[in-house]
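Computation of the quantities below employed the complete heavy-atom set of this structure, encompassing side-chain atoms and omitting hydrogens, waters and symmetry-equivalent molecules. Letters go in sequence order (proteins before strands), and every chain restarts at 1.
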Number of protein chains: 2
Amino acid sequence: MKKAVYEEARRKALEYFERAQIVLTESEKENLEVADFGLDDLERTGLQLVTYVNTARCCAKEMVLFPRQTCPEHRHAPLQEIGFIGKEETFRCRYGTCYLYIEGEPAASPACRPPEGSEAWYTVWHEVILHPGEQYTMQPDTRHWFQAGDEGAIISEFSTQSRDDYDIFTDPNIRRLPTLED
Amino acid sequence: MKKAVYEEARRKALEYFERAQIVLTESEKENLEVADFGLDDLERTGLQLVTYVNTARCCAKEMVLFPRQTCPEHRHAPLQEIGFIGKEETFRCRYGTCYLYIEGEPAASPACRPPEGSEAWYTVWHEVILHPGEQYTMQPDTRHWFQAGDEGAIISEFSTQSRDDYDIFTDPNIRRLPTLED
Ligand SMILES: [Zn+2]
Ligand SMILES: [Zn+2]
């Protein structure tokens, strides 16, 4: 990701947090994470986030999706080597609308479309719509992806330990950990 | 606790959440928890809270303390019978000021005093002051208590599983689970 793209996304994400009265420390603002998943198409596929805490036992994050931005399909697999049974996640919508797609009965006419050109990597279509104050808990090792409505979204995540490096994305082109270029 | 006391505390807590733009569902508003810890002195010793999620693995809550209200000293002990190593808690201040007291070097001149008459049951005096956006993570089985400043406080808690029935309070008069009277 170009540094300028990162800086612009960071600035916009901070505006969302400010409007929603979510207070961050200076260090959290400076280190706000912007994930483009290695696809270099942040406007359509990406996620902005602040990790409040991530210990061996639990984790909490605050995430921003820009309007119609998508966090691509993935699952949090168990790590047998370390006796980890997989990450359990609860998403709680704070602002805007979050369209969450999970395993299960597919929606007859889903509200979202995957980013153009990546349709093949979106395979789960059970739809859960989260408005502010609404939440959903996902079991470990189940596929999910999510997209914001036209106003974007702020979503709190409450979960067990986060090990982003072990997330398994359906799209083999995805690289979770970003590289910054000038 | 008298029902009227409960209803008044519930109404006031909802005002805090509204001012801070923290959106709750109707069911969360209706079931907002008011804990007087069996001391029947809610103004000085008490806590208002909404539990978003509490699974076998993790838990998230939103808590309100009214001005100078105190959540009394307690610890989250391990439960050897079920192989639980004790609750780990992160407090993140969202609004107001939270004065948190934990084990460690006592403050020379602490900002808070325990509720009058209960001084004997407040034994840890290492002071951590949390302003909005600031947070602190407590290890299992360590004593802690907290009090709001003059404007009250909203505090998010991110933790491992909550088992309130197993919390150990320093004050032997405390009963964590409330009883409602007409
Ligand atoms: Zn996930
Ligand atoms: Zn506690």
What part of [X] gets closer than 4.5 Å to chain B, counting heavy atoms only: side chain, backbone, both or neither?
| X | result |
| --- | --- |
| A:Arg94 | both |
| A:Thr160 | both |
| A:Glu88 | both |
| A:Ser159 | backbone |

Decide if the gap between the ring center of B:Phe37 and the ring center of B:Phe169 is smaller than 6.0 angstrom.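 Judged by ring-centre distance (under 6.0 Å), B:Phe37 and B:Phe169 do meet the cut-off.
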Distance flag, aromatic centroids of A:Phe91 and A:Phe146, threshold under 6.0 Å: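 When the ring centroids of A:Phe146 and A:Phe91 are compared, they turn out to be within the sub-6.0 Å range.
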Positions in residues 54-74 of chain B that reach chain A, provided some heavy atom is under 4.5 Å away: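 Expected list: B:Thr55, B:Arg57, B:Cys58, B:Ala60, B:Glu62.
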Could you tell me whether A:Glu15 atom CD has more than 12 heavy atoms of other residues or ligands within 6.0 Å of it? yes
Tell me if the CD atom of A:Glu18 is crowded by more than 12 foreign heavy atoms within 6.0 Å. no
Any salt bridge (Lys or Arg N to Asp or Glu O under 4.0 Å) pairs touching residues 108-134 of chain B, not counting sequence neighbours? none
Once you measure the plane-to-plane angle for A:Tyr122 and A:Trp145, does it fall in the parallel (<30°), tilted (30-60°) or perpendicular (>60°) bin?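 Perpendicular: the ring planes of A:Tyr122 and A:Trp145 meet at over 60°.
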Cluster check B:Ile155, B:Tyr101: I/L/V/M/F/W/Y, side chain < 4.5 angstrom: no
Got a donor-acceptor contact below 3.5 angstrom from the A:Gln21 side chain to the B:Arg19 backbone? yes
